[in-house]
Amino acid sequence: MGSRRMIGIFVLRLLMAAIVAVTASCVLAQDQSEDQELDVAFQQIQIAEDEKVYAMPEVTEAVPGSYRVGTTDITIERHDEMFSFKAVTGTTERVQWVSDTDKYGRFVYNADKKQFERLSNSVRIEMEDYSKLEVLIEETDATSGEAFPELDFALIRLPKETHPAKYVAKISKRDEVKVATVELEEPRQIPH
């Protein structure tokens with residue numbers, strides 16, 4: 001009878017340890033998921049003096065679900081090898097489809113225009129001194145750039161691997177950069 005009791009206590013302790021381990025890993029996974037979502041999803045970007053857009057997560061970081069971003073409801077769904085980003089602002093609904101093989105398909109949603117727009121791999125910056133552009137390119141993820149001092153801006157080209165919104169956030173903290181904004185291009189419209 002004593003050995004049965006010892007086995008029962010051992011099994012009970014083993015079950016309790018398993019429950020504690022599973023609970024801790026679930027809480028950790030939830031915290032990591034929330035951190036990832038907050039770090040990546042829907043970064044607000046200034047593209048003009050009075051115009052802001054929200055960057056959609058990259059396909060590799062997209063988490064299906066429903067989100068509220070400013071005055072817009074956004075739903076991310078996976079459909080076989082495609083992701084759909086549906087944005088509803090007021091009574092207007094827009095859908096942007098992205099293939100899961102298009103890992104560099106980066107889009108923003110413009111709530112004022114109520115449309116999706118594709119990010120280009122160029123960034124527009126304004127600097128105090130454009131002679132420092134080459135140093136900026138060498139010290140960051142940029143591949144090349146060209147200054148237009150008479151127009152008071154420079155264009156920087158980025159490799160495909162570098163997300164333009166993340167790059168803008170990083171270089172905006174540098175002293176020599178007055179303003180940094182992403183460049184947009186119109187996406188292909190796919191009927192839904």
Side-chain angles (χ1 to χ4, degrees), residues 22-125 140-142 156 158-174 177 179-192:
V22 168
T23 303
S25 66
C26 287
V27 168
L28 181 60
Q30 181 180 1
D31 288 345
Q32 288 173 340
S33 172
E34 287 173 4
D35 289 345
Q36 177 187 7
E37 190 176 307
L38 292 174
D39 182 42
V40 174
F42 316 118
Q43 177 184 354
Q44 188 176 29
I45 308 167
Q46 189 90 27
I47 59 169
E49 189 173 319
D50 58 347
E51 192 173 4
K52 294 178 183 171
V53 295
Y54 294 98
M56 298 293 106
E58 293 181 86
V59 169
T60 57
E61 300 171 339
V63 178
S66 296
Y67 306 89
R68 179 81 173 166
V69 181
T71 60
T72 302
D73 292 314
I74 296 177
T75 304
I76 301 173
E77 294 179 343
R78 183 172 181 84
H79 309 271
D80 296 323
E81 295 163 2
M82 300 288 286
F83 277 89
S84 68
F85 295 88
K86 179 171 79 173
V88 179
T89 306
T91 59
T92 304
E93 179 180 300
R94 296 285 184 253
V95 177
Q96 180 64 52
W97 291 88
V98 184
S99 169
D100 65 1
T101 61
D102 187 7
K103 64 181 181 177
Y104 302 120
R106 299 170 174 135
F107 292 86
V108 295
Y109 181 72
N110 187 324
D112 293 331
K113 292 181 180 178
K114 298 179 178 142
Q115 68 183 24
F116 285 96
E117 296 172 290
R118 188 178 183 108
L119 285 175
S120 77
N121 259 27
S122 293
V123 172
R124 185 180 190 273
I125 65 168
T140 63
D141 298 334
I156 294 176
L158 304 173
K160 286 183 181 180
E161 299 79 25
T162 302
H163 193 295
K166 293 177 184 177
Y167 183 83
V168 164
K170 185 168 73 173
I171 68 163
S172 292
K173 298 173 185 167
R174 295 178 65 112
V177 176
V179 178
T181 57
V182 295
E183 290 287 294
L184 305 174
E185 49 186 71
E186 292 292 321
R188 291 183 303 272
Q189 297 298 316
I190 299 174
H192 59 281

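Not measured: the values here are computed from a predicted model.
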Given side chain to side chain contact (heavy atoms under 4.5 Å, CB included), test Val69 with Tyr109 step by step and report yes or no. CA-CA 10 Å; Val69 181; Tyr109 181 72; over 6 Å; no
Interatomic distance, CD@Glu93 vs OG1@Thr72, rounded to 0.5 Å, equals 12.0 Å
Do Thr101 and Glu81 have side chains that get closer than 4.5 Å, going by heavy atoms? no
Do Lys86 and Glu77 come close enough that some side-chain heavy atom pair is under 4.5 Å? no
Min side-chain heavy-atom separation Tyr104-Asn121 under 4.5 Å: no
Would you give the length of the straight line joining atom NZ of Lys170 to atom CG of Asp141, rounded to the nearest 0.5 angstrom? 3.5 Å
How about Phe85 and Phe107: do any of their side-chain heavy atoms sit closer than 4.5 Å? no
Could you pull out the closest heavy-atom pair between Met56 and Ile74, with the gap in Å? CE-CD1, 3.5 Å
Evaluate the side-chain proximity of Arg106 to Val182: yes if any heavy-atom separation is below 4.5 Å, no if none is. no
With a 4.0 Å cut-off on N to O distance, would you call Arg118 and Asp102 a salt bridge? yes
At what distance, to the nearest 0.5 angstrom, does CZ of Arg94 lie from NZ of Lys114? 8.5 Å
Could you tell me the separation between the CD atom of Glu185 and the CG atom of Leu119, rounded to the nearest 0.5 Å? 8.5 Å
Give me the atom names and distance for the closest heavy-atom approach of Ser84 to His79. OG-NE2, 3.0 Å
How far apart are the closest heavy atoms of Gly90 and Val88, and which atoms are they? O-CG1, 3.6 Å
Of all heavy-atom pairs between Gly70 and Tyr54, which one has the smallest distance, and what is that distance? CA-OH, 4.1 Å
Identify the heavy atoms of Ala142 and Leu158 that sit nearest to each other, and give their distance. CA-CD2, 3.9 Å
With a cut-off of 6.0 Å (strictly less than), are more than 12 heavy atoms of other residues, nucleotides or ligands near CD of Glu161? yes
Could you give the distance from OG (Ser120) to CG (Leu184), rounded to the nearest 0.5 Å? 7.0 Å
Could you check if a side-chain atom of His163 sits within less than 4.5 angstrom of a side-chain atom of Glu61, using non-hydrogen atoms only? no
So how far is it from Lys113 NZ to Thr89 OG1, rounded to the nearest 0.5 Å? 14.0 Å
State, to 0.1 Å, how close Ile76 and Pro57 come at their nearest heavy-atom pair, and which atoms those are. CD1-CG, 3.9 Å
